[in-house]
Protein chains: 2
Amino acid sequence: MPFTYEYPRPALTVDCVVFGFDEGDLKVLLIERDLKPFAGRWALPGGFVNLDETIDTAARRELAEETGLTEIYLEQLYTFGTVDRDPRERVVSVAYYALVKLEDHRPRAATDARKAAWFNVDDIPSLAFDHAEILDTALRRLKGKVRYEPIGFELLPEKFPLSQLQHLYEVCLEEPLDKRNFRKKILGMGLLTETDEVQQDVAHRAARLYRFDSRRYQQLKKRGFSFWL
Amino acid sequence: MPFTYEYPRPALTVDCVVFGFDEGDLKVLLIERDLKPFAGRWALPGGFVNLDETIDTAARRELAEETGLTEIYLEQLYTFGTVDRDPRERVVSVAYYALVKLEDHRPRAATDARKAAWFNVDDIPSLAFDHAEILDTALRRLKGKVRYEPIGFELLPEKFPLSQLQHLYEVCLEEPLDKRNFRKKILGMGLLTETDEVQQDVAHRAARLYRFDSRRYQQLKKRGFSFWL
DNA sequence: TCAAAAGTGTTAACCATACACCCATGC
DNA sequence: GCATGGGTGTATGGTTAACACTTTTGA
């Protein structure tokens, strides 16, 4: 069932950089390739774009197929199109990055048909294709964007202690933050609502859990508020 | 000379949003289509990506071919891939935005083979395809990015008075700026070098001209400086 | 001499930073 | 009772925002 065109066309794929946050470490979900080029190497989940789906849809579909992840934060990152990024033929890839609440998705990764695993972002194996460059671009984007958009919450569970949020920001901003100043600033924005729950099973005083109020963020944004950390 | 593939492939194009700044107005360069879909409508310059060129190269080539512009600031914007953005068939387009010093390129536009013209960004005609959406995305990106990267200078001539720079920022930030505070801040960064020239042919006191020192910016950036306005 | 824009400093409010101790809990 | 992190306030310095008049030049 061949398809013929008057001019040659590059193949079009999507690749996804899936970030998670766990115990103070930023992690990325990788998949071990079983097919020909770079077989056995780790790679970003991804695949070909079908003609009857948008590229966003293709990214979500591939993620669901290869990692079981659905209903997650997903955003287009950049399109990679150097001539020989794929040794077989010309392939242009639209890269996405995704943020997942690791708590909800921990077991899935290792037990799937395709071998998938979480890697700490500063301990990444050699990757297939130009995926190291894609990952690098995604990391820079994430680290830049957490400052001015409240996307960090996508990496935390529904309810979280402030210290966890602070750790996340310390990793992203690559600098230690003062506990009191951090609390003042983040609580002062009025985007977090206190729950009546506290941490469970910790060997010290349990911290109060908070929830991000995205309704409220939308309201404030309309009124000219801008998130900044 | 047909090309055949096992699976169907979308066509891949680039489209460019070219910004210029003139007499206090932000402008965009558009081209009148002569070919079939949307013939006679205004559109962004762009075209198909060849197999032997990167997408960046394709964008520069199309710009040169259709508008004569070369050696300009060009950056990838976003990739647009909804299923029926082109009525003929599936076409995915990687959009770029470009910043040009309008002074240098004024005459070219109207005299070329293809009809090209500069339009004020808030007086844009009905555009072909989804080019209105692309333009909108580019505008948001530009307005966001001028705050934290010194790209505004790409829109001004080599030597410019501070008032012109201020007008540019007023348009991009969509708010009036205080003249004294603006000068203090921008001069305080140490990125502008005073020339010994002044405006010519103005019907009032001529303003001193400044030049952006991008060498110095690169140095400062390495030392942790970050541009902010 | 008038019009039009250039150029120039000070003050007050606000915001960001630095900093240290007591508290609650589980072991 | 001790180790571990949770939780809290103040003082200071720096940054930003508001604000008006004089100067230069060409018409």
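Note on naming: letters A, B, ... go to the chains in the order of the sequence lines (proteins, then strands), and numbering restarts at 1 for each one.
Residue whose closest nucleotide on DNA chain C sits further toward the 5' end, between A/K179 and B/Q199: B/Q199.
At a non-hydrogen distance threshold of 4.0 Å, B/V202, B/A203, B/H204, B/R205 from residues 202-209 of chain B come into contact with DNA chain D. Only A/S163, listed by number, bring a heavy atom of residues 163-175 of chain A to less than 4.0 angstrom from any atom of DNA chain D.
Taking a heavy-atom distance under 4.0 Å as the criterion, the stretch of DNA chain C touched by chain B extends 5' to 3' from C/dA4 to C/dT10.
Among residue pairs with one or both ends in residues 143-168 of chain A, those qualifying as ring pair (Phe, Tyr, Trp, His ring centres under 6.0 Å) are A/F153-A/F160, A/F153-A/F212; sequence neighbours excluded. Contacts classified as salt bridge (charged side-chain N to carboxylate O under 4.0 Å, His left out) and involving residues 132-142 of chain B (residues at least two apart or in different chains) are given here: B/D136-B/R140. Within the structure, no pair that satisfies the salt bridge (charged side-chain N to carboxylate O under 4.0 Å, His left out) test touches residues 218-229 of chain B, not counting sequence neighbours. Counting only residues at least two apart or in different chains, salt bridge (charged side-chain N to carboxylate O under 4.0 Å, His left out) contacts with residues 174-188 of chain B comprise B/K143-B/E174.
Partners of B/R41 under the salt bridge (charged side-chain N to carboxylate O under 4.0 Å, His left out) rule, at least two apart in sequence or in another chain, do not exist in this structure. Taking the ring-ring contact (aromatic ring centres under 6.0 Å, His included) definition, one finds that B/Y210 meets it with nothing, sequence neighbours left out. Residues forming a ring-ring contact (aromatic ring centres under 6.0 Å, His included) with B/Y78 (at least two apart in sequence, or on another chain): B/F80. Partners of B/D213 by salt bridge (charged side-chain N to carboxylate O under 4.0 Å, His left out), not counting sequence neighbours: none found.
Using modelled atom types, one side-chain atom of B/Q166 and one backbone atom of B/L177 make a donor-acceptor pair closer than 3.5 Å.
Rounded to a whole Å, the CG atom of B/D178 is 10 Å from the P atom of D/dA20. A straight line from OH of A/Y210 to C1' of D/dG6 spans 10 Å, rounded to a whole angstrom. Atoms CG (A/L162) and C1' (D/dT8) sit 13 Å apart, rounded to a whole Å.
B/A95 and B/I134 get closest at one heavy-atom pair: CB-CG2, 3.7 Å.
Inter-residue side-chain proximity for B/F19 and B/I151 is flagged as unmet; no heavy-atom pair is nearer than 4.5 Å. A/P45 is not listed as a side-chain neighbour of A/L69, based on a closest heavy-atom distance of 4.5 Å or more.
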Expected rows: protein N/O vs nucleotides 10-17 of chain D N/O, under 3.5 Å:
{"unit_1": "D/dT10", "atom_1": "O4", "unit_2": "A/K184", "atom_2": "NZ", "d": "2.9"}

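The number of heavy-atom neighbours closer than 6.0 Å to CD of A/E71, taken from other residues, nucleotides and ligands shown, is 12 or below.
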